Every structure is written in C-alpha cells, then in structure tokens.
Undergrad: 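Structure incoming, see below.
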Amino acid sequence: MLQIYNTLTKQKAPFKPLVEGQINMYVCGITVYDYCHIGHARVMVCFDVITRYLRARNWRVNYVRNITDVDDKIIKRAHENGETVEQLTERMIAAMHEDEDALGVLRPDQEPKATAHIDEILALISTLIEKGFAYPASNGDVYYRVERFAEYGKLTNQNVDELRSGSRVEVDEAKESPLDFVLWKAVKPGEVSWESPWGAGRPGWHIECSAMSKCCLGDTFDIHGGGPDLPFPHHENEIAQSEAANGCTYANHWMHAGPVRVNSEKMSKSLGNFFTIRDVLAKYDPEVVRFFLARVHYRSYIDYSEDSLKEARVMLERFYQALNGVSLPKSADESLDAGYEGAKAFELRFYEAMDDDFNTPKAISVLFEMVNELNKLKKTSESAAVALASKVLELAGILGLLQQNPDAFLKGADKEGEINAAAIEQLIEQRNAAKANKDYAQSDKIRDALAEQGVILKDSREGTSWFRES
RNA sequence: GGCGCGAUGGCAGAGUGGUCAUGCAGCGGACUGCAACUCCGUUAACGCCGGUUCGAUUCCGACUCGCGCCUCCA
C-alpha cells in the first residue's frame with residue numbers, strides 16, 4: 001500500500017488516485033533565466049525517482065512539469081545580455097535538458113511553457129473576474145482578491161489577518177488589499193507583452209500554473225509537487241485561483257522536496273551560495289551526484305559538500321565492485337528469479353521501503369544488504385549470483401542508479417595530465433613479469449607507484465584488475 | 001511576530017514503545033608473497049528536563065540549539 005506525505009494534511013496517508021491505476025502529476029519547474037543549480041537537480045531527481053517507481057509498480061503516470069519562460073528576472077537578464085527573451089529562454093531550456101539528461105532524469109511527459117498558454121491564462125483570469133475573485137486595477141494590472149477566497153492559507157496554515165499585519169509587501173495603491181497578488185501585469189516600455197481585454201501585458205507567476213495544469217491534467221488532479229520554497233505563496237495562490245475558478249479541489253496530494261544546504265544555509269539564488277549542476281558535473285560522475293541526492297529522504301534537507309559527494313562515490317564503488325565480473329544476461333529475464341530464491345524477499349523489502357513515502361535511504365540499505373549477499377554468492381554459486389545481481393540492477397534502475405558498466409565506472413575515464421589506461425595496463429604487465437620471477441620488491445614498487453597516482457590494483461585468480469580510487 | 005521542520009554512534013543516514021538499520025571510518029580475524037577486493041567478528045547513539053507506561057531514543061509537555069517559509073528563489 002503506497003503511502004505519501006501530504007503537505008496539505010501534514011501527514012502520511014494512503015495514496016488513491018482519481019482514476020484507478022492512473023496518476024496525474026504536476027510539478028512546478030524552472031524559471032529559465034540561468035543555469036540550474038543542485039537545488040533544482042534535487043527536485044528533478046526526486047520526481048524522476050517517484051515517476052520511475054510508480055511506473056515500475058504498474059501505475060500509468062502522466063507527469064507534467066512546466067517551464068516559466070517569461071517573468072521579471074528573465075526580462076531583466078535578457079536585457080543585460082543584450083538578447084531577446086526568447087533567445088535567453090531557449091538557451092537555458094537547452095542547458096536544463098543537457099543537465100537532466102546527464103543526471104539520468106527522464107523527461108516529463110509534457111513540458112508546457114507559459115508563453116504557449118496565454119489564451120488559457122486569459123480565459124482563467126476572465127472567469128475569476130466574472131466570479132468576483134479578481135479585478136482590473138487602475139494601473140492596468142489585474143489582481144486576485146485574496147480575502148474573497150475563504151479558504152486562503154489552508155495549505156500552509158496561514159490566516160489572512162496575520163498575513164496582513166505581518167505583511168512585508170509594499171502597499172500598492174492600486175490594490176484593494178496588500179495581500180492581493182497579480183494575475184496580469186501591465187506592460188512596461190520595452191517589455192514583451194500580449195494583448196488582453198485589460199490591456200497589453202503578461203501573466204503573473206502563479207496564474208500560469210493554474211492554467212497549464214488545468215489544460216494538461218484537468219480541474220482536479222492527483223499530485224502537485226515542487227521545491228521547498230513553493231508552498232507559500234506560490235502553491236497557496238494556485239489553490240486560490242484554481243479552486244475559485246473551477247469550483248472544485250485543485251490537487252489531492254501536495255509533495256515538496258527538501259532544501260539543499262551549504263554550511264547549514266539553504267542553497268539559493270538570493271544568497272548566492274549555489275553550485276550549478278554543470279559545475280559539479282565537471283568534477284563528479286553524474287551518477288555520484290544522483291546518488292548523493294537519492295541517499296537522503298526527499299523531504300529532509302541535504303548538506304552539500306565535497307565530502308558528501310566523495311562519500312557517495314565510495315558507496316557506489318561498493319556496488320560496482322560487487323557487480324564487476326558478474327556476467328549478466330543482455331536482457332531482463334524473469335526466469336532468472338529461479339536462480340536465487342532470496343531475490344524476491346529483497347525485492348519485497350525494497351518495495352516496502354519505497355511504498356512508505358518513497359523512502360530511498362531505506363531502499364538503498366536493502367540494496368546494500370543484497371550486495372553483501374551477492375559477494376558471498378559469487379564464491380559459491382554462479383547462477384545464484386547472476387540472479388541476485390540482475391535483481392540489484394533492476395531495483396537500482398528504479399532509482400535511476402547502477403546503469404553503467406561496472407568496470408568502466410571503477411576505472412573512470414582518462415583525464416588530461418593523469419596516467420591513462422594504456423600506460424596502466426603496461427605497468428601491470430611489467431609487474432606481473434616481476435611477480436612471476438618472485439621479484440616482489442620490484443612488483444611492489446610498481447604497485448606503489450600506481451597507487452600514488454590513484455590507481456589501485458587487485459590480484460585474483462583471473463589476473464590483475466585495477467580501478468581508480470575516488 | 002505568524003506558520004512549519006529538525007536534533008540518532010567519529011561521520012552520513014533510516015527506524016522502532018521492550019530484539020539487526022545501512023554505508024563510510026575504527027578495531028580483531030580470514031583470504032593474499034604482501035596488498036587490494038571480499039568475507040567473518042567487533043566497538044559505538046538516540047539534545048536537555050519533566051510526564052504517561054511494567055518499560056521510551058520512539059508517545060505527551062516545557063526548554064535549548066539549528067533550519068525553512070512569510071519579498072524573487074527548487
């Protein structure tokens with residue numbers, strides 16, 4: 001039984017989709033004015049793992065993640081760069097796709113862009129005005145009338161009076177109330193804009209998600225997700241807009257990923273303490289980064305540091321050491337399960353962990369137990385080892401992990417300025433010759449020399465293999 | 001000020017009202033020419049103070065500390 005923590009109710013509850021077997025999920029995506037950082041990567045990987053798992057358990061998932069391709073920051077940045085909004089956003093969308101491809105994040109089923117849904121946005125605003133939940137103001141903006149929506153604040157337990165008194169928002173004369181937020185922003189000179197019944201302008205941030213989710217998934221859908229800083233005000237405002245306009249529940253389950261921290265502070269654009277995905281990928285294998293993110297529960301914070309990345313690398317090495325040398329069949333084969341009865345029990349425990357609000361750390365601990373068993377089986381039963389190893393690969397695949405050739409992962413790619421594979425192989429041959437002559441002084445000298453360059457040798461009955469240490 | 005979250009062994013990180021997390025590191029063995037890989041064994045924890053209970057790291061309350069949202073931010 002799948003249980004998911006719901007931000008709305010603040011507790012875990014059994015998950016039940018609107019339509020049996022079908023899950024409609026909307027996740028707030030990126031505002032594309034800069035390269036994605038590790039915090040973005042976390043949300044991407046988190047919902048990628050969730051989608052993969054749900055599909056592995058035979059749910060049909062329609063995963064929609066939007067792209068915000070027009071807003072203040074984009075306009076500002078495009079202007080600074082001397083390029084058009086479209087040039088900037090196209091560039092950043094391409095970069096985002098590169099980053100997520102590297103991390104093994106599967107593309108969402110739909111990636112709607114705000115600028116491609118202006119008609120739906122205008123229609124939604126019209127409905128809100130008709131129903132009295134929104135009003136065009138004297139300055140050309142259209143605002144949402146927050147106090148008209150009785151349930152405002154239900155997602156994050158805010159009450160309107162507290163919000164009003166604690167409001168840090170500058171009072172805008174055009175607004176009826178400081179809490180009101182903008183649905184349609186009147187155009188300023190030199191900005192991109194679209195025509196509307198209320199004058200030229202562009203959509204406010206919150207309305208696009210209400211419009212696009214309605215367009216892609218309907219008035220009510222199963223899961224709405226996003227990053228840690230979105231519940232208030234973004235998601236609160238989405239609820240206000242959609243439920244007022246559509247007259248029904250917006251999303252049944254709200255899921256929010258935890259923050260990535262640096263030195264105990266949230267990694268964020270405004271603090272300037274962020275590391276872009278491409279920066280990190282320049283130093284670490286993408287799978288190491290993915291493992292670093294997956295080994296902590298999705299709702300907890302993660303502290304970003306070089307040490308944690310290195311630790312993630314060491315943990316992956318244990319998996320690949322175990323997998324190395326097991327000759328797996330080319331394609332998945334159910335009959336393999338017969339080779340080792342214990343595989344099924346591990347699988348059940350893995351599912352049990354994932355069914356409990358996607359507990360990836362616990363699921364990974366099961367994989368480690370499987371590795372321990374695998375290492376033992378390798379010494380006793382080839383067929384059982386193959387069966388268990390293929391199960392490890394299958395389950396890890398649900399997390400998007402262990403998809404590389406083990407030997408290639410362990411050896412790593414040749415790098416400029418470091419000893420290359422051919423040179424290593426040559427030294428190993430020299431060492432083996434020395435060993436054959438029982439000239440251990442010489443053979444140890446070669447091994448030590450390689451170790452100094454980060455190359456570790458491993459002798460076995462089959463010969464000498466090597467890997468680069470992390 | 002309002003609304004939330006967290007505090008677990010040297011580190012990372014799950015979890016549970018009474019018995020094992022898991023990984024890294026450490027220690028002792030096995031394997032090895034010596035190592036590496038691997039295996040076996042092992043050390044070690046539940047912020048502080050009360051309460052409930054036969055029993056609490058786990059439930060309840062207070063406290064301390066840390067963090068997030070309340071302005072754009074995943």
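The structure presented is a predicted model; accordingly, all values stated were derived computationally and were not measured.
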Undergrad: Could you measure between the two P atoms, the one in rC24(B) and the one in rG41(B), and give it in whole Å?
TA: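 Result for the P pair: 15 Å, nearest Å.
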Undergrad: When rounded to the nearest Å, what value does the distance between P atoms of rG15(B) and rA7(B) take?
TA: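 Taking atom P in both rG15(B) and rA7(B), they lie 10 Å apart.
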Undergrad: Within this structure, what is the CZ-to-C1' distance between R461(A) and rU38(B), rounded to whole angstrom?
TA: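 Between C1' of rU38(B) and CZ of R461(A): 13 Å.
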Undergrad: Write down the distance between CG (D448(A)) and C1' (rA36(B)), rounded to a whole number of angstrom.
TA: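 These atoms are roughly 12 Å apart.
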Undergrad: Reading RNA chain B from 5' onward, which residue's closest nucleotide shows up sooner: H206(A) or K10(A)?
TA: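 In this pair, the answer is K10(A).
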Undergrad: Rounded to whole Å, please give me the gap between CG in D71(A) and P in rU71(B).
TA: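 Atom-to-atom, D71(A) to rU71(B), this comes out as 17 Å.
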Undergrad: It should be established whether K378(A) places a side-chain nitrogen or oxygen under 4.0 Å from OP1 or OP2 of nucleotide rC37(B).
TA: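 No.
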Undergrad: Figure out the CG/P separation between D357(A) and rA14(B), and round it to whole Å.
TA: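 Going from CG in D357(A) over to P in rA14(B) covers 12 Å.
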Undergrad: Rounded to the nearest 0.5 Å, what's the gap from CG on L388(A) to CE on M370(A)? Could you check?
TA: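 The CE atom of M370(A) is 5.0 Å from CG of L388(A), to the nearest 0.5 Å.
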Undergrad: Using a 4.0 Å heavy-atom cut-off across all strands, classify H256(A) as base, sugar-phosphate, or nothing.
TA: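 Here H256(A) touches no strand at all.
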Undergrad: Tell me which nucleotide, if any, is Watson-Crick or G-U wobble paired with rC39(B) when both distances must be under 3.5 Å.
TA: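 Paired with rG29(B).
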Undergrad: Distance between the C1' atoms of rC48(B) and rG6(B), in whole angstroms?
TA: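 Taking atom C1' in both rC48(B) and rG6(B), they lie 16 Å apart.
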Undergrad: Report yes if a side-chain nitrogen or oxygen of N372(A) is closer than 4.0 Å to either non-bridging phosphate oxygen (OP1 or OP2) of rC39(B); otherwise report no.
TA: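 Affirmative; the distance criterion is met.
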Undergrad: Charged N to carboxylate O below 4.0 Å: is that the case for D229(A) and K266(A)?
TA: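 Looking at D229(A) and K266(A), the cut-off is met.
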Undergrad: What does rU58(B) pair with, Watson-Crick or G-U, if both distances are under 3.5 Å?
TA: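 WC or wobble partner does not exist here.
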Undergrad: Expressed in whole Å, how much space separates the P atoms belonging to rU8(B) and rA14(B)?
TA: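 So the two P atoms sit 11 Å from each other.
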Undergrad: Treat primed atoms plus P, OP1 and OP2 as sugar-phosphate and everything else as base, then score nucleotides 28-33 of chain B 5' to 3': B for base contact with protein heavy atoms under 4.0 Å, S for sugar-phosphate contact only, - for none.
TA: -----B
Undergrad: Check this for me, if you would: do E191(A) and K76(A) make a salt bridge, where the nitrogen-to-carboxylate-oxygen distance has to be below 4.0 angstrom?
TA: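 Result for this pair is no, no salt bridge flagged.
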Undergrad: Does OP1 or OP2 of rC72(B) have a side-chain N or O of T68(A) closer than 4.0 Å?
TA: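 Negative; the distance criterion is not met.
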Undergrad: Using atom C1' in both nucleotides, what's the gap between rC3(B) and rC59(B) to the nearest angstrom?
TA: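 About 24 Å, rounded to a whole number of Å.
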Undergrad: I'd like the C1' distance from rG66(B) over to rG47(B), given in whole Å.
TA: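 rG47(B) and rG66(B) have their C1' atoms separated by 11 Å.
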Undergrad: Under 4.0 angstrom, heavy atoms only, what part of the nucleic acid is F467(A) near: base, sugar-phosphate, or nothing?
TA: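 Answer is sugar-phosphate: F467(A) comes under 4.0 Å of backbone atoms only.
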Undergrad: Under 4.0 Å between any heavy atoms, over every strand shown, what does W466(A) touch: base, sugar-phosphate, or nothing? Just pick one.
TA: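 W466(A): no heavy atom of the nucleic acid under 4.0 Å.
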Undergrad: Is the phosphate of rC39(B), meaning OP1 or OP2, less than 4.0 Å from a side-chain N or O of R318(A)?
TA: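 Answer yes for this pair, as a side-chain N or O of R318(A) is under 4.0 Å from OP1 or OP2.
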Undergrad: side-chain contact (heavy atoms from CB on, under 4.5 Å) between E306(A) and Y284(A): does it pass, once the steps are laid out?
TA: CA-CA 10 Å; E306(A) 299 269 321; Y284(A) 294 91; 2.7 Å; yes
Undergrad: Where the side chain of N375(A) is defined as all heavy atoms beyond and including C-beta, which of rA14(B), rC39(B), rA74(B) is the nearest nucleotide?
TA: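 For N375(A), the side-chain atoms sit closest to rC39(B).
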Undergrad: Output the rounded distance in Å from CZ (F292(A)) to C1' (rG13(B)).
TA: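 It is 13 Å, rounded to the nearest whole Å.
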Undergrad: Measuring only the C1' atom in each nucleotide, how far is rU58(B) from rG51(B)? A whole number of Å is fine.
TA: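 Comparing C1' positions in rU58(B) and rG51(B) gives a spacing of 15 Å.
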Undergrad: With the side chain of E265(A) defined as its heavy atoms from C-beta on, choose the nearest nucleotide among rG68(B), rA74(B), rA14(B).
TA: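 Between rG68(B), rA74(B), rA14(B), the one nearest the side chain of E265(A) would be rG68(B).
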Undergrad: Which part of the nucleic acid, if any, lies within contact of M44(A), taking any heavy atom under 4.0 Å across all strands shown: a base, the sugar-phosphate backbone alone, or nothing?
TA: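 If one applies the 4.0 Å heavy-atom cut-off, M44(A) turns out to touch nothing in the nucleic acid.
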Undergrad: Rounded to whole Å, please give me the gap between NE2 in H40(A) and C1' in rC72(B).
TA: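 Atom-to-atom, H40(A) to rC72(B), this comes out as 11 Å.
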Undergrad: Please determine whether a side-chain nitrogen of the Lys or Arg among R65(A) and D109(A) lies less than 4.0 Å from a carboxylate oxygen of the Asp or Glu.
TA: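 Answer for the salt bridge query: no.
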Undergrad: Using atom P in both nucleotides, what's the gap between rG18(B) and rU57(B) to the nearest angstrom?
TA: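 Straight-line distance between the two P atoms is 11 Å.
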Undergrad: Closest approach to the side chain of D229(A), judged atom by atom: which nucleotide of rC73(B), rA12(B), rA36(B) is it?
TA: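 Minimum distance to the D229(A) side chain belongs to rC73(B).
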Undergrad: Taking the minimum atom-to-atom distance to the side chain of P361(A), which one of rA74(B), rC37(B), rA14(B) wins?
TA: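 Between rA74(B), rC37(B), rA14(B), the one nearest the side chain of P361(A) would be rA14(B).
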Undergrad: For the side chain of E162(A), starting at C-beta, report the closest nucleotide among rA74(B), rG2(B), rG15(B).
TA: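 For the E162(A) side chain, the nearest candidate turns out to be rG2(B).
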Undergrad: For a quick check of understanding: with a heavy-atom distance under 4.0 Å over all strands, which category does L230(A) fall into, base, sugar-phosphate or nothing?
TA: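 Sugar-phosphate: the residue L230(A), judged by heavy atoms under 4.0 Å, touches backbone atoms but no base.
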Undergrad: Check R431(A) with D444(A), please: is the shortest side-chain N to carboxylate O separation under 4.0 Å?
TA: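 No salt bridge links D444(A) with R431(A).
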Undergrad: So, R164(A) and D161(A), do they make that salt bridge, N to O below 4.0 Å?
TA: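 Yes, this pair counts.
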Undergrad: Check the distance between rA12(B)'s P and D307(A)'s CG and give it to me in whole angstrom.
TA: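 After rounding, the reported distance stands at 10 Å.
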Undergrad: Could you tell me if the side chain of D69(A) sits less than 4.5 Å from the side chain of T31(A), heavy atoms only?
TA: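 When only atoms from C-beta onward are counted, D69(A) and T31(A) do not touch, as no gap falls below 4.5 Å.
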Undergrad: Does the base of rG23(B) carry an N or O that pairs as donor and acceptor with the side chain of E311(A) under 3.5 Å?
TA: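 In this structure, the two groups form a donor-acceptor pair.
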Undergrad: Among the nucleotides rG4(B), rA14(B), rG6(B), which one has an atom lying closest to any side-chain atom of Y301(A)?
TA: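 For Y301(A), the side-chain atoms sit closest to rG6(B).
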Undergrad: So, are K113(A) and E90(A) salt-bridged, with charged N and O less than 4.0 Å apart?
TA: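 Salt bridge present between K113(A) and E90(A).
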Undergrad: Can we say K411(A) and D407(A) salt-bridge, meaning some charged N sits less than 4.0 Å from an Asp/Glu carboxylate O?
TA: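 Yes, this pair counts.
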Undergrad: Mind checking if N359(A) touches a base, just sugar-phosphate, or nothing, with heavy atoms under 4.0 Å?
TA: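 Contact class for N359(A): sugar-phosphate only.
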Undergrad: Base, sugar-phosphate or nothing for G153(A)? Non-hydrogen atoms, less than 4.0 Å.
TA: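 The residue G153(A) makes no contact with any strand.
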Undergrad: Does the pair E352(A)/R349(A) count as a salt bridge with the N-to-O cut at 4.0 Å?
TA: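 Between R349(A) and E352(A) there is no salt bridge, as every charged N stays at least 4.0 Å from the carboxylate O atoms.
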Undergrad: Please work out if K73(A) contacts a base, only the sugar-phosphate, or nothing of the nucleic acid, heavy-atom cut-off 4.0 Å.
TA: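 The residue K73(A) makes sugar-phosphate contact but no base contact.
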Undergrad: Among rU38(B), rC24(B), rA21(B), which is the nearest nucleotide to the side chain of Q321(A)?
TA: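 Out of rU38(B), rC24(B), rA21(B), the nucleotide with an atom closest to Q321(A)'s side chain is rU38(B).
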Undergrad: Just to be sure I understand the rule, does P231(A) reach a base, reach only the sugar-phosphate, or reach nothing, if contact means heavy atoms closer than 4.0 Å?
TA: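 Result for P231(A) = nothing.
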Undergrad: Report which part of the nucleic acid V366(A) touches: base, sugar-phosphate, or nothing (heavy-atom distance under 4.0 Å, all strands).
TA: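 Answer is nothing: V366(A) stays at 4.0 Å or more from every strand.
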Undergrad: NA contact type, S270(A), heavy-atom cut-off 4.0 Å: base, sugar-phosphate, or nothing?
TA: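 S270(A): base contact, heavy atoms under 4.0 Å.
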Undergrad: What is the separation between atom CG on D72(A) and atom P on rC72(B), rounded to the nearest whole Å?
TA: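 Result: 10 Å.
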Undergrad: Look at all strands and tell whether T156(A) reaches a base, only sugar-phosphate, or nothing, counting heavy atoms closer than 4.0 Å.
TA: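 Contact class for T156(A): sugar-phosphate only.
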